[in-house]
Structure formats: C-alpha cells, structure tokens
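Ligands are counted one by one from 1 in listed order, and the atoms in each one are counted from 1 as well. Values reported hereafter were calculated over all heavy atoms of this structure, with side chains retained and with hydrogens, waters and symmetry mates removed.
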Amino acid sequence: MRLMSVKYFVNLKKMKNIAILGTGMVGDAIGTKLVSLGYKVMMGSRTANNEKAVAWSTRNGILAVSGTFSEAASFGDIIFNCTQGQVSLEALQLAGRENLQGKILIDVANPLDFSKGMPPSLTVCNTDSLGELIQRQFTDVKVVKALNTMNCQLMVNPGLLKDPGNLFLCGNDTEAKIEVGGLLRSFGWEKIIDLGDITAARGTEQILPIWVRIMGTLGTPMFNFSIVQ
Ligand SMILES: NC(=O)c1ccc[n+]([C@@H]2O[C@H](COP(=O)([O-])OP(=O)(O)OC[C@H]3O[C@@H](n4cnc5c(N)ncnc54)[C@H](OP(=O)(O)O)[C@@H]3O)[C@@H](O)[C@H]2O)c1
C-alpha cells in the first residue's frame, strides 16, 4: 500500500505542465487530449477571458485553466503553438520571450493565407518556413515542428483511421524531439518519422497545398499520409 502511494507520488511529480497557445479547434483538441492523459493544461489567448478558452476549461474540469498567452507560456513546461500561422510570431511575442526561454515549443501551425480564398497559399515557403522563422526569432527555445500535416481530430486520436499512417517531426534539439516523440506516442502515434533539423519544416508545411486538394477530392479531412518503401 505504502509502495503504491510512493509510486503515485513519483508519477505526479513527473507530469509536466503544458501550455496551449490558441483557442481554435486545434488548441481545443490537443488541450482536451492532454487533460484526459492527466496533464495540467493552460489554454492561452490574446485576452484573459476568451470565451472559447473559458468554455474549454469549464468542460475539462480542474486540470484545465485558461489565461493570456503570457500566463499560459509562463505556466507551461512544454508549449504547443496552435495559433493562426500567419500571426504566430506576434502571438509568441505576446507569450513573452522570458516565458518561453529554454522550453520545448511544439509548433503545430501552418502559415496559410486565405486572403484570396481557396485554396490557401503559404506565406513562407521554399527556402524558409514558419518553424524556422520561430526558431530564428526565439533562439533559446527548442522548436519541434509536429502534427501540422493532419486534421486535429486525428492528431489526438490516430486510431480513427484503420491505418493511421505517419507522423512527421523535426527540430534542432535531439532530446526535445525524443521527449515530444514520447508525448505523441502517448496520443497513440506509432509510426513517427524524425525528418532532421528544423529546416525540414519547409517540407512538412509545403504538404499543405496537396493536403487541401486531397481533402476537397475525398470530401473529408479524415485521412493521412503513409510512407511506403
Ligand atoms: N484545423 C486543423 O485541423 C489543423 C490541422 C493542422 C494544422 N493546423 C494549424 O493549427 C493552427 C491553429 O488552427 P485553428 O483552426 O485551431 O485556430 P486558428 O483560428 O487558426 O487560430 C486561432 C488562434 O490564433 C490567434 N490569433 C488570431 N489572430 C491573432 C493575432 N493577430 N495575433 C495573435 N494571435 C492571433 C487567436 O487568438 P485569440 O484566442 O485571442 O482569438 C487564436 O488563439 C493554425 O496555424 C492551423 O493552420 C490546423
């Protein structure tokens, strides 16, 4: 009995706090998954009482709280960037350099520009990417690009597909990628491909134009890429 409670205490100690920057469907899905796994999660927004963030925390109970981008970044040991890709750098500035310093930032955002309608174009591509822009602006943050190549329901529940396919990640810090890989395995991902340093984000972000076309053709966002050799 005593052993059990010591083990429980050790497990509790190991759980990291997680920040979700973003109140859209991606932040909601990832935040909800993390709470279901037992993490304390703070969802951040530009404003302290964002309606969607408050509704999300109410729905998810005591492990789920909401606040500003800055409060969430300060709270999180690990941070998910689930903000609109075009404005992610602004959102991260609001989160505060001092609150992000030394932490893992899992960048889920895509730099999509819908201003000319569908299909969207990328605001940065070919020789650069949003993942790299973030890493260059926040040099002491461990940016890991991941999850951005699939629909958010699938991100947190790969079992929705008979063959879930692959999850790609990339980043400059090997230990950060190992930790993120472990976290995403706990979401149910098995086939994770580490594509190398953060410049690989060019490739995973440039998947989006074909992803959007496939969604239009299939009439559903519930699909993924699977690499065969
Ligand atoms: N939808 C998917 O299944 C999917 C799949 C893969 C990747 N992604 C990517 O995931 C990210 C999140 O997507 P989403 O649909 O959940 O949400 P979204 O509508 O793209 O973004 C919502 C967040 O962006 C913030 N934001 C908007 N304008 C801002 C500004 N000017 N300055 C600072 N922050 C601003 C909002 O702040 P407030 O909370 O203050 O309003 C909100 O938290 C996007 O980059 C998207 O491309 C989405």
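- Using a 4.5 Å cut-off between side-chain heavy atoms of Ile, Leu, Val, Met, Phe, Trp and Tyr, with links allowed through other members, L133 and L112 fall into different hydrophobic clusters.
- A cation-pi arrangement is absent between R46 and F69 under the rule of less than 6.0 angstrom and at most 45 degrees off the ring axis.
- Those atoms of ligand 1 that come under 4.0 Å of a heavy atom in G85, given as number and element, are 45 (O).
- Connection of F187 to I20 is established within a shared hydrophobic cluster, with ILVMFWY side chains joined at heavy-atom distances below 4.5 Å, either directly or through further cluster members.
- Ligand 1 has a nitrogen or oxygen under 3.5 angstrom from a nitrogen or oxygen of N110.
- Remark: minimum distance from atom 12 (C) of ligand 1 to any protein heavy atom is reached at C82 O, 3.2 Å.
- The single protein non-hydrogen atom nearest to atom 15 (O) of ligand 1 is M25 CG, 4.0 Å, given as residue, atom name and distance.
- Distance from atom 30 (C) of ligand 1 to its nearest protein heavy atom, with residue and atom name: R46 NH1, 3.4 Å.
- Counting atoms of ligand 1 from 1 in the listed order, those under 4.0 Å from a heavy atom of V108 are 7 (C), 8 (N), 9 (C), 10 (O).
- Atoms of ligand 1 found under 4.0 Å from any heavy atom of G22, numbered from 1 in the order shown, are 43 (O).
- Taking only nitrogen or oxygen atoms, main chain and side chain alike, S45 reaches within less than 3.5 Å of ligand 1.
- In terms of protein heavy-atom proximity, atom 42 (C) of ligand 1 is closest to T23 OG1, 3.5 Å.
- Residue E190 places its CD atom among 12 or fewer non-hydrogen atoms of other residues, nucleotides or ligands, all under 6.0 Å distant.
- Side-chain heavy atoms closer than 4.5 Å link hydrophobic residues (I, L, V, M, F, W, Y) into clusters, and following such links, possibly through other members, connects I207 to L218.
- In this structure, F80 and L34 have side chains that are in contact, with non-hydrogen atoms separated by less than 4.5 Å.
- Those atoms of ligand 1 with a heavy atom of M155 less than 4.0 angstrom away are 5 (C), 6 (C), 7 (C).
- Between C152 and ligand 1, at least one pair of N/O atoms sits closer than 3.5 Å.
- Proximity to M150 (heavy-atom distance under 4.0 Å) selects the following atoms of ligand 1: 5 (C), 6 (C).
- Atoms of ligand 1 lying under 4.0 Å from at least one heavy atom of Q84, given by number and element, are 20 (O), 21 (O), 23 (C), 24 (O), 27 (C), 45 (O).
- Taking both residues in full, the closest heavy atoms of S129 and A201 are given as OG-CB, 3.4 Å, listed atom of the first, atom of the second, then distance.
- The closest protein non-hydrogen atom to atom 35 (C) of ligand 1 is V87 CG2, 3.6 Å.
- Here the side chains of K103 and K16 are not in contact, with every heavy-atom distance at 4.5 Å or above.
- With D107 as the partner, the side-chain hydrogen bond (donor to acceptor under 3.5 Å, both in side chains) test is satisfied by one option alone out of N81, N148, T204, T83: N81.
- Every atom of ligand 1 with a heavy atom of N151 under 4.0 Å away is listed here by number and element: 3 (O).
- Nearest protein heavy-atom contact of atom 17 (O) of ligand 1 is G24 CA, 3.7 Å.
- Distances shorter than 4.0 angstrom do not occur between any heavy atom of Q86 and any atom of ligand 1.
- Contacts of D194 classified as salt bridge (Lys or Arg N to Asp or Glu O under 4.0 Å), with partners at least two apart in sequence or in another chain: K177.
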Step-by-step salt bridge (charged side-chain N to carboxylate O under 4.0 Å, His left out) determination, E175 to K142:
CA-CA 9 Å; E175 281 179 20; K142 299 163 194 167; over 6 Å; no

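- Looking at N148 next to ligand 1, no N or O pair under 3.5 Å apart turns up.
- Within the set T68, V26, N50, the minimum heavy-atom distance to atom 1 (N) of ligand 1 is found for V26.
- Residues I79 and I30 do not share a hydrophobic cluster, defined by chaining ILVMFWY side chains whose heavy atoms lie under 4.5 Å apart.
- Of the protein's non-hydrogen atoms, the one nearest atom 44 (C) of ligand 1 is T83 O, 3.3 Å.
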